[in-house]
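Structure first, commentary second.
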Amino acid sequence: MIRLLRLLARLEWPMRLLGPLFGRFNPLHPDRRRNPYPAYRKLRERAPVYRHPIIRIWFLSRYEDCAAVLKDPAFSVRRMELPAMQRMVAPLREDFREMITRNLLMLDPPDHTRLRALVGKAFTPRVVERLRPRIQAIVDELLDGVEAAGEMDLIRDFAYPLPVIVIAEMLGVPASDRARFIAWSNRLVAIVDPITSPETLESVQPAFHEMAAYLRGICEERRREPRDDLISALVAAEEQGDALTPAELISTCSIILGAGYETTASILGNSVMALLRNPGERKRLQDDPSLIASAVEEFLRYDPPVQATDRIAMRDCEIGGKRIRKGSLVVTLLAAANRDPARFPDPERLDLGRQDNAHLSFSHGVHFCLGAQLARAELQIALGTLLRRFPDFDGDPSTDAWRPSITLRGLTTLPLTLRPSL
């Protein structure tokens, strides 16, 4: 069934022709990739707790329901509890299978608590504040590099390089190897979709093996010559024996790099697109740069890079009058919850001064995004500097270059013309 669905997703006319058979919500419809928000609104209004008749997955679209599930320990991230997932990973090599099953995104407490405590020290607000001058320098260097040409591809030349450089420097990865990490992460990110296939996992397996071999080499170097970087700190934790296993070390480094750059790059592109489509709010931010912090929160609410995340029901329960059986896969549509009028006044409007903006874009509960403070700092500095240096930048607000993903929303390209401020 999964193979058929993914094949149909690549062919627009079958999706349109067979649309009615997919019930109230078709996560693979091509229009959802271009603009998912009308479908989210209809689902939230007509069936906010919805079990899909074909793929047999529950979809939640109200803020209250999504927040409750994300915070409730009765809903687990241990997706390997599902027989379908067990069958899917069974043919994979042991090291890749362990990376999938033993990373931060797939663990509940107490294992999640242990790993997060080891990594979290590198992402505290105090550490991030100390990084701000370096982030500003990287932003300036990237924009210096495109100023003379008077144009750039926002995604290729700015949105991707910025978080890669920041995370790579935190980990201690040499500058000469950053391009390799981008290539590996671009391939590995395909595994985060809740609707995936054995073929997808097998196709990205070589990228993981290449990355893992490289990281093992870096870890061996840090054992011989520790440095002031995150990999050295994780290697020291591994050598304590009970703090971090060798497999967890590689898995943790991989997930930090992949999650640390892909989502930040996507929200940076989505934010610039929102400014192109909302010239009034763009002028408002340009006229009042002090709005940048609230603006970033609003961009995250309005068009988040992670559209959904899933959980496994560990016991029978009830949500919105619907009985959810133990073992069911429940998808919380974060982007739909972020536009719930019961939580956000006038939610379809971009309001860069919006207050009380408790969006779910960084998730909620124990799995709240580890790098949230770092992402906020990168976005504030990147967008503020772009608007200051190139106040009249222009691009096509009707572009259709959205990535073919169910979970991650981001542009693959966004050409901009640049006119520096006088």
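Taking the ring pair (Phe, Tyr, Trp, His ring centres under 6.0 Å) definition, one finds that F344 meets it with Y63, sequence neighbours left out. Partners of H112 under the ring pair (Phe, Tyr, Trp, His ring centres under 6.0 Å) rule, at least two apart in sequence or in another chain, are H367. Evaluation of the side chain to side chain donor-acceptor pair (under 3.5 Å) rule for T417 yields no partner, not counting sequence neighbours. A search for side chain to side chain donor-acceptor pair (under 3.5 Å) contacts involving R44 returns nothing, not counting sequence neighbours. Here F299 pairs with nothing under the ring pair (Phe, Tyr, Trp, His ring centres under 6.0 Å) rule; sequence neighbours left out. Residues forming a side chain to side chain donor-acceptor pair (under 3.5 Å) with S76 (at least two apart in sequence, or on another chain): D108. D228 pairs by the salt bridge (Lys or Arg N to Asp or Glu O under 4.0 Å) definition with nothing, not counting sequence neighbours.
For T399 and D396, the side-chain atoms include no donor-acceptor pair closer than 3.5 Å.
Residue pairs that meet the ring-ring contact (aromatic ring centres under 6.0 Å, His included) test with at least one member in residues 132-153, sequence neighbours left out, do not exist here. Among residue pairs with one or both ends in residues 264-281, those qualifying as side-chain hydrogen bond (donor to acceptor under 3.5 Å, both in side chains) are E281-R284; sequence neighbours excluded. Sorted by first and then second residue, the ring-ring contact (aromatic ring centres under 6.0 Å, His included) pairs with a member in residues 267-294 form an empty list; sequence neighbours excluded. Residue pairs meeting the salt bridge (charged side-chain N to carboxylate O under 4.0 Å, His left out) criterion with at least one partner in residues 165-176, sequence neighbours excluded, are R134-E169, E169-R178. Every pair passing ring-ring contact (aromatic ring centres under 6.0 Å, His included) that includes a residue from residues 141-163 is listed here, sequence neighbours excluded: Y160-Y261.
Ring geometry, F96 versus F208: the interplanar angle falls from 30° to 60°, so the pair is classed tilted.
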